[in-house]
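Numbered from 1 within each chain, the chains take letters A, B, ... in sequence-line order.
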2 protein chains.
Amino acid sequence: MPRKYVENPNACTIVHAMNIIGNKWKPIIIYLLSGGPLRFGKILVLLPTISKKVLTQQLKELDNDQLIIRKSYNEIPPRVEYELSEKGLTLLPILRELSLWTADTFPEIEFEKCRIE
Amino acid sequence: MPRKYVENPNACTIVHAMNIIGNKWKPIIIYLLSGGPLRFGKILVLLPTISKKVLTQQLKELDNDQLIIRKSYNEIPPRVEYELSEKGLTLLPILRELSLWTADTFPEIEFEKCRIE
DNA sequence: AAAAGTGGTAACCCAAAAGTAACTTATGCC
DNA sequence: GGCATAAGTTACTTTTGGGTTACCACTTTT
């Protein structure tokens, strides 16, 4: 069964973008890291409803896609910091615009709607 | 069990944005519609691997979120056209930037990677 | 009378994503 | 010796998203 492709060539890049950041947690994580490096445990606290397992997973994928950098200090107990890479930084303005767009376009949304459960 | 919220207030809008367009098909559909209104059947042809059910679903959600407009002509056989709304149009430049970002940041990706299966 | 054309819906299925809870590792501290 | 600590991992369950197939409604065409 031959595989098929989307016709619009630009769609390709959009698909890829969504593969990279189009899920429940990644854009938020990137947003959080825009304030500077954060330790694993700190992110866990800032995102009170994410599970350890999923956070690990998301960070690993972001690291693989080179949007963030994982810095592991060789200490006991462990200390690991995550920060945005160059690639990650260049994504920030776009996320910011998206954020503004949402605020402008859906002024009625409230905190209520942004439950992360 | 009390629900909790993300701390960063900006995250709220990002979460909402991702709820609206952060899935497999919606950004592509929006992209397709940037060329002008399209009939249901035409979209099905342009996205050879989407199923009728899912397309219906996605279009309904995009319509509910007022990113697109559904125009149903009272004819037999039915004719329904979908086109971008004002809100949808204002999203386009951002999608375009995201598209450029991906192309710049991951120059190595090829069509190969954009299989939609 | 039967088939074709169009935009659906309903019932069912599967794989992937996300969530939960317990366990691990290596050290310093009491 | 026993506990705390941080950043995980493992095994398991639940939820969700997307997919398949069949069917419908109404008219025109054959």
Side-chain angles (χ1 to χ4, degrees), chain A residues 1-4 6 11 15 18-29 32-33 37-65 68-83 114-117, chain B residues 1-6 15 18-29 32-33 37-65 68-83 114-117:
Chain A
M1 208 190 302
R3 297 182 176 214
K4 295 170 190 170
V6 173
V15 169
M18 285 300 145
N19 284 341
I20 288 176
I21 58 152
N23 78 348
K24 183 170 177 180
W25 294 112
K26 286 182 188 166
I28 308 175
I29 293 172
L32 285 183
L33 292 180
L38 290 173
R39 297 181 60 169
F40 182 86
K42 179 72 181 173
I43 302 177
L44 219 43
V45 171
L46 292 174
L47 299 175
T49 59
I50 200 174
S51 67
K52 253 182 176 184
K53 190 199 88 178
V54 172
L55 180 56
T56 309
Q57 208 170 271
Q58 302 296 307
L59 290 169
K60 198 174 287 175
E61 289 177 18
L62 286 170
D63 187 33
N64 282 344
D65 290 329
I68 65 173
I69 295 165
R70 181 180 183 278
K71 282 190 184 161
S72 172
Y73 301 84
N74 217 24
E75 299 174 4
I76 296 287
R79 178 158 67 103
V80 178
E81 281 184 353
Y82 294 92
E83 65 179 316
C114 294
R115 265 175 204 146
I116 305 233
E117 40 193 338
Chain B
M1 206 189 307
R3 300 183 173 211
K4 293 169 189 168
Y5 302 89
V6 172
V15 170
M18 283 302 146
N19 284 341
I20 288 177
I21 57 150
N23 78 348
K24 182 170 178 182
W25 294 112
K26 285 182 190 166
I28 307 174
I29 292 171
L32 285 184
L33 291 180
L38 289 174
R39 299 183 59 170
F40 183 87
K42 179 70 180 178
I43 302 177
L44 266 185
V45 170
L46 292 173
L47 300 174
T49 60
I50 201 174
S51 67
K52 252 182 179 186
K53 190 199 89 175
V54 173
L55 180 56
T56 309
Q57 208 170 270
Q58 304 296 305
L59 290 170
K60 199 175 284 174
E61 289 176 19
L62 287 171
D63 187 34
N64 283 343
D65 290 329
I68 64 173
I69 295 166
R70 181 181 185 278
K71 283 190 184 162
S72 172
Y73 300 83
N74 216 23
E75 300 173 4
I76 296 288
R79 177 159 68 104
V80 178
E81 280 185 355
Y82 294 91
E83 65 179 316
C114 294
R115 266 175 206 147
I116 304 228
E117 41 193 335

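Backbone-only engagement by A:Gln58 is indicated by non-hydrogen atom pairs under 4.0 Å involving sugar-phosphate atoms exclusively.
Of all the heavy atoms in A:Val54 and A:Trp25, the pair that sits closest is CG1-CD1, 3.7 Å. In this structure, B:Met18 and A:Gly22 approach most closely via the heavy-atom pair SD-CA, 4.0 Å. Nearest heavy-atom pair, B:Ile68 versus B:Leu59, reported as atom, atom and distance to 0.1 Å: CD1-O, 3.5 Å. Between A:Pro78 and A:Arg39, the closest heavy-atom pair is O-NH2, 3.5 Å. Here the shortest heavy-atom pairing between A:Leu44 and A:Leu55 reads CD1-CD2, 3.6 Å.
Closest-nucleotide positions on DNA chain C for A:Val54 and B:Glu81 were compared, and the one nearer the 5' end corresponds to B:Glu81.
As rounded to whole Å, 21 Å separates atom P of D:dT15 from atom CG of B:Asn23. For the pair B:Tyr82 OH and C:dG7 C1', the computed distance is 8 Å after rounding to whole Å. Atom NZ in B:Lys52 sits about 13 Å away from atom P in D:dC24, given to the nearest Å. Rounded to an integer number of Å, the gap from CE of B:Met18 to P of D:dT16 is 20 Å. Taking atom CD of residue A:Glu75 and atom P of nucleotide C:dG28, one finds them 12 Å apart after rounding to whole Å. Remark: C1' of D:dT20 and CG of B:Leu55 are 15 Å apart, rounded to the nearest angstrom. In this structure, the CG atom of A:Asn74 is 16 Å from the C1' atom of D:dT5, given to the nearest Å. Taking atom NZ on B:Lys60 and atom C1' on C:dG7, their separation rounds to 11 Å, with Å as the unit.
A heavy-atom distance below 4.5 Å is not found between the side chains of B:Asn19 and B:Asp65.
With values rounded to the nearest 0.5 angstrom, A:Glu61 atom CD is found 10.5 Å from A:Ile20 atom CD1. Atom CG of B:Leu38 is separated from atom CG of B:Leu32 by 6.5 Å, given to the nearest 0.5 angstrom. Considering CD1 of B:Ile43 and NZ of B:Lys52, their distance stands at 13.5 Å, rounded to 0.5 Å.
The nucleotide whose nearest atom lies closest to any side-chain atom of B:Lys24 is, among C:dT20, D:dG18, D:dG8, D:dG18. Of the candidates D:dA7, D:dA11, C:dC12, D:dA11 carries the atom nearest the A:Lys53 side chain, counting heavy atoms from C-beta on. Counting only heavy atoms from C-beta on, B:Arg70 has its side chain closest to C:dG8 among C:dG8, D:dG19, C:dG19. Distance from the side chain of B:Arg39 is smallest to C:dT6 among D:dG18, C:dT6, D:dT10. For B:Trp25, the side-chain atoms get nearest to D:dG19 when compared with the rest of C:dT20, C:dG8, D:dG19.
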* Do A:Gln58 and A:Asn23 pass the side-chain contact (heavy atoms from CB on, under 4.5 Å) test, and can you show the C-alpha distance, the side-chain angles, and the key distance before you say yes or no? -> CA-CA 10 Å; A:Gln58 302 296 307; A:Asn23 78 348; 2.7 Å; yes
* Structure fact -> Going 5' to 3' through nucleotides 25-30 of chain D and flagging B where a protein heavy-atom sits under 4.0 Å of the base, S where only the sugar-phosphate is that close, and - otherwise, we get -BS---
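Phosphate proximity of C:dG19 to A:Gln57: absent, as no side-chain N or O sits under 4.0 Å from OP1 or OP2.
With axes fitted over five pairs at each extremity, the angle between the ends of the helix from C:dA1-D:dT30 to C:dC30-D:dG1 is 30° (10° resolution).
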